[in-house]
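All figures in this text were calculated on a predicted structure; none of them were measured in a lab.
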Amino acid sequence: METRFNLDGAVVLVTGGVRGVGAGISRTFLRAGATVVACARRPGDEPVEVDGRVAEFLPCDIRDPEQVQDLVDRIVERHGRLDVLVNNAGGAPFALAAEASPKFHSKIVELNLLAPLLVSQVANAVMQAQDSGGAIVNISSVSGSRPSPGTAAYGAAKAGVDSLTTSLAVEWAPKVRVNAVVVGLVQTELAHLHYGDDAGIAAVGETVPLGRMAVPEDVGNCALFLASPLASYVSGSTLTVHGGGERPAFLAAATAFTPATATASTSATASTKENT
């Protein structure tokens, strides 16, 4: 996949950047020429690489302030700077709100909202001291703006990320730009856990107006744009990447536009014309 963006010399940190959407984001920035550091609690099954260029891996639990500070210190010590942070790490297993424990809800909010704030704070301190400043891209979700049954705490946390994005964009301007990518359905190597077999994945994709789920690089391309000089006047914004959204449920339930009613409507119109 070609890219017209050039981030040669830029140092980029992608949290959760070794698998799934995060790996796609890491590959996209590698393809654009950036030095990519991907962090996670454990390494991926294989290195993240593109055309012989490999993302560096550093272990980190982004919920731990000491580990986050050490992570950023090591990046700056090794590369001398930090230009872009992509807050990608997050997620939640399915759990009904009435049945999940308070501790479960707390952990989900901690990972998906408080951890991105923590990493952003530490990264911002470095970026503010750089002549060129920096850019932060938060990976959010459509779950933050629509019902999220089975992942209620996750949806609430992502709504918080959207709000956080606008607030930090104001507080940290003009040196640091802060934006968010609001992501819909994405097909990753774990898609079968959420959507079933190949037939199930294809059926889910057909519900999207563009006819397919996103692939990780779709998200990466949008994050790359927001981090690039082409978005130098974009801050405090959310870019929705969902293939057109979800077809409203009422359209499937309505009978006004079914083939039978459409035929009846056409016949009635013809009959009216004949009688005028």
Side-chain angles (χ1 to χ4, degrees), residues 10-18 21-22 25-26 29 34-41 55-92 105-141 144 153-154 156-183 223 226-228 231-232 234-239:
V11 179
V12 180
L13 169 61
V14 181
T15 67
V18 299
V21 172
I25 294 171
S26 294
F29 278 91
T35 295
V36 176
V37 179
C39 78
R41 286 185 294 172
E56 301 175 20
F57 171 75
L58 289 176
C60 181
D61 183 342
I62 60 169
R63 299 167 298 183
D64 185 315
E66 292 185 1
Q67 290 191 40
V68 170
Q69 185 66 60
D70 180 65
L71 168 69
V72 174
D73 287 347
R74 291 174 67 183
I75 293 172
V76 174
E77 180 180 0
R78 183 178 299 178
H79 299 289
R81 58 189 304 105
L82 176 59
D83 300 291
V84 178
L85 163 65
V86 182
N87 280 312
N88 165 77
H105 290 148
S106 177
K107 291 293 185 183
I108 296 301
V109 173
E110 181 183 24
L111 174 61
N112 290 283
L113 176 58
L114 299 182
L117 172 57
L118 170 62
V119 183
S120 296
Q121 282 182 302
V122 179
N124 173 69
V126 173
M127 294 173 178
Q128 292 289 344
Q130 298 174 164
D131 291 341
S132 57
I136 296 173
V137 180
N138 295 320
I139 304 302
S140 187
S141 169
Y154 172 80
K158 289 302 187 181
V161 167
D162 295 343
S163 177
L164 181 68
T165 297
T166 59
S167 296
L168 297 185
V170 174
E171 286 196 24
W172 295 348
K175 275 293 190 71
V176 176
R177 296 185 299 107
V178 186
N179 292 290
V181 179
V182 179
V183 181
L226 291 173
S228 78
S232 62
V234 181
S235 194
S237 294
T238 55
L239 175 57

Restricting to non-hydrogen atoms, name the atom on [X] and the atom on [Y] that form the minimum distance, rounded to 0.1 Å.
{"X": "A92", "Y": "I108", "result": "CB-CD1, 3.7 Å"}
{"X": "G144", "Y": "A159", "result": "O-CB, 3.3 Å"}
{"X": "S140", "Y": "D162", "result": "OG-OD1, 2.6 Å"}
{"X": "A123", "Y": "L82", "result": "CB-CD2, 3.9 Å"}
{"X": "I62", "Y": "C39", "result": "CG2-SG, 4.0 Å"}
{"X": "V176", "Y": "M127", "result": "CG2-CB, 3.6 Å"}

Are [X] and [Y] side-chain neighbours, meaning at least one heavy-atom pair lies under 4.5 Å?
{"X": "N88", "Y": "V21", "answer": "yes"}
{"X": "L226", "Y": "V181", "answer": "yes"}
{"X": "H79", "Y": "V37", "answer": "yes"}
{"X": "V18", "Y": "S26", "answer": "no"}
{"X": "S120", "Y": "L168", "answer": "yes"}
{"X": "I25", "Y": "I139", "answer": "yes"}

Distance in Å, [X] [atom1] paired with [Y] [atom2], rounded so as to fall on 0.5 Å steps:
{"X": "C60", "Y": "Q69", "atom1": "SG", "atom2": "CD", "value": "10.5 Å"}
{"X": "K158", "Y": "L164", "atom1": "NZ", "atom2": "CG", "value": "11.0 Å"}
{"X": "L113", "Y": "L118", "atom1": "CG", "atom2": "CG", "value": "11.5 Å"}
{"X": "L58", "Y": "T15", "atom1": "CG", "atom2": "OG1", "value": "13.0 Å"}
{"X": "E77", "Y": "D70", "atom1": "CD", "atom2": "CG", "value": "9.0 Å"}

Walk me through it: do N124 and E171 pass the test side-chain contact (heavy atoms from CB on, under 4.5 Å)? CA-CA 11 Å; N124 173 69; E171 286 196 24; over 6 Å; no

Report yes or no: does [X] contribute a side-chain atom to a donor-acceptor pair with the main-chain N or O of [Y] at less than 3.5 Å?
{"X": "N179", "Y": "V137", "result": "no"}
{"X": "T166", "Y": "S163", "result": "yes"}
{"X": "K175", "Y": "G133", "result": "no"}

side-chain hydrogen bond (donor to acceptor under 3.5 Å, both in side chains) between T165 and N138, intermediate numbers included: CA-CA 7 Å; T165 297; N138 295 320; 2.9 Å; yes

Given the rule in the side-chain contact (heavy atoms from CB on, under 4.5 Å) test, do R74 and E56 qualify, once you have shown the distances and angles that lead to the verdict? CA-CA 12 Å; R74 291 174 67 183; E56 301 175 20; over 6 Å; no

Those residues that, when tested against D61, pass salt bridge (Lys or Arg N to Asp or Glu O under 4.0 Å) (two or more places apart): R63

S132: partners by side-chain hydrogen bond (donor to acceptor under 3.5 Å, both in side chains), with sequence neighbours left out: R81

